Amino acid sequence: MLRVVVLGAAAGGGVPQWNCGCPVCRKARTENPELQSTQASIAVSADGGHWFLVNASPDLRQQLIATPQLHPKAGQLRHSPVSGVILTNGEIDAVAGLLSMREGSPFTIYAHEKVLSILRANSIFNVLNEKNVRRQPIQVDQTFEPALPDGAPSGIEVLPFAVPGKSAWYLEGKAHPGGDIGEGDTLGLRIGDKSGKYFYFLAACAGVTDDLKSRLAGAPLIFFDGTVWRDDELIAAGLGAKTGQAMGHIAMSGDQGAIASLAGLDIDRKVFLHINNSNPARLRSSPERRIAEGAGWQIPADGTEIVL
Ligand SMILES: [Zn+2]
């Protein structure tokens, strides 16, 4: 059995974003609080007792409070069911939550060397003492089994693979602390258990290649990049100067978008994640939402649990 909880479904900034007055953020603050969403992360467990986070968002503290599965065990003074954090990129919305995990509980960070190099280059992450918090490099195309804090196997198998993407936004135009090797900045994950259940996690992906299509074909469940509805959405709404592509994110709509590219692949359940507050598919009554749902996609609420 594989249990997955969507801790947050929003892109960087969340919904509402602190400084945003776009229609979605306004509604989320006022008449539609159900639109509120924290920044993208999931938790996964094979035994229901030990959990691994995929990415640690800046909203992690709030997400842990809202998720009973991740509360300390009754009767223990210090405990967390979180056994590890698997990082798929070095963006702020994927790593900043690590700073909220600094109170001495043991866990392991699993990340590609390129992302580990970012943690090393930013001394604030040294608050996570390596005696308690191991940093374990992971490699593209090499399956690993994350371990429980006592070293026992978790029953979860993770295969990281490279997907089209970008290095972290704050490194744009700067030297990458991990050097210039191409891969490792953006990973997709295939996460499975010993019984053969599995799903895919790609919360950042700049495009769907033929290789990626054949990988995802027939999957029981995918979480996929839903940052923007259309590539020039931020520019058209006057919210920013960047396209989705410039940020390393595919659009939901359009001939090259996620909905069209992943149609007809016999994927049982398709869930968008990392959905920006500018994306009109967030609004339940929008035509964009109807198109996405009509094509078999789900826009999840925070806290959604899926059991495979
Ligand atoms: Zn907004």
Side-chain angles (χ1 to χ4, degrees), residues 6-42 55-63 65-66 88-97 99-100 165-166 168-170 172 186 202-206 223-254 257-259 270-293 295 297-304:
V6 176
L7 300 180
V15 186
Q17 179 178 309
W18 74 286
N19 61 348
C20 190
C22 80
V24 174
C25 289
R26 275 184 194 285
K27 282 180 195 290
R29 277 188 205 97
T30 54
E31 74 260 39
N32 295 104
E34 73 281 1
L35 288 172
Q36 293 183 12
S37 182
T38 60
Q39 294 165 81
S41 172
I42 62 168
N55 296 330
S57 98
D59 298 319
L60 181 61
R61 180 178 171 279
Q62 182 185 345
Q63 293 167 341
I65 292 169
T88 62
N89 64 74
E91 292 285 3
I92 288 168
D93 63 352
V95 304
L99 299 175
S100 298
K166 292 225 152 189
W169 198 348
Y170 55 84
E172 202 171 85
T186 307
L202 297 98
C205 181
F223 293 97
F224 201 81
D225 187 341
T227 308
V228 290
W229 175 257
R230 45 182 265 202
D231 191 47
D232 63 351
E233 173 176 305
L234 290 172
I235 300 168
L239 293 170
K242 290 211 172 199
T243 60
Q245 281 295 305
M247 299 184 290
H249 296 292
I250 192 173
M252 288 184 180
S253 68
I259 293 174
K270 296 181 279 194
V271 181
F272 277 125
L273 213 59
H274 198 268
I275 307 155
N276 199 45
N277 51 64
S278 60
N279 189 328
R282 281 211 154 272
L283 295 169
R284 282 185 191 162
S285 55
S286 67
E288 291 85 357
R289 176 66 158 259
R290 278 199 296 280
I291 293 169
E293 289 181 344
W297 286 86
Q298 184 184 352
I299 312 276
D302 290 8
T304 298

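It should be emphasised that the depicted structure is a prediction, and the values quoted were computed from it without experimental measurement. What you see below is based on every heavy atom in this structure, not just the backbone, and it leaves out hydrogens, waters and symmetry mates. First listed ligand is number 1; within each ligand, the first listed atom is number 1. Residues take their numbers from the sequence shown, with the count starting at 1.
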Leaving out waters, which are not shown anyway, how many protein N, O or S atoms lie closer than 2.8 Å to the Zn ion (ligand 1)? 4

Does the side chain of Asp302 come under 3.5 Å of the side chain of Ser37 through a donor N or O and an acceptor N or O? yes

Answer whether the closest heavy-atom distance between the side chains of Leu35 and Leu283 falls below 4.5 Å.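 In contact.
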
Please examine the side chains of Asp225 and Leu202, heavy atoms only from C-beta on, and report whether any two atoms are closer than 4.5 Å.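 Result no, sub-4.5 Å side-chain heavy-atom pair not found.
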
Partners passing side-chain hydrogen bond (donor to acceptor under 3.5 Å, both in side chains) against Asn279 (at least two apart in sequence or in another chain): none

Under the ring pair (Phe, Tyr, Trp, His ring centres under 6.0 Å) rule, collect the residues that match up with Phe272, sequence neighbours excluded.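 With neighbours one apart ignored, the set is Trp297.
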
Name every donor-acceptor pair, under 3.5 Å, that has one atom in a side chain of residues 24-31 and the other anywhere in the protein, sequence neighbours excluded.
from, atom 1, to, atom 2, distance (Å)
Arg26, NE, Gly21, O, 2.9
Arg29, NH1, Cys20, O, 2.9
Arg29, NH2, Gln17, O, 2.8
Arg29, NH2, Cys20, O, 2.8
Thr30, OG1, Arg26, O, 2.8

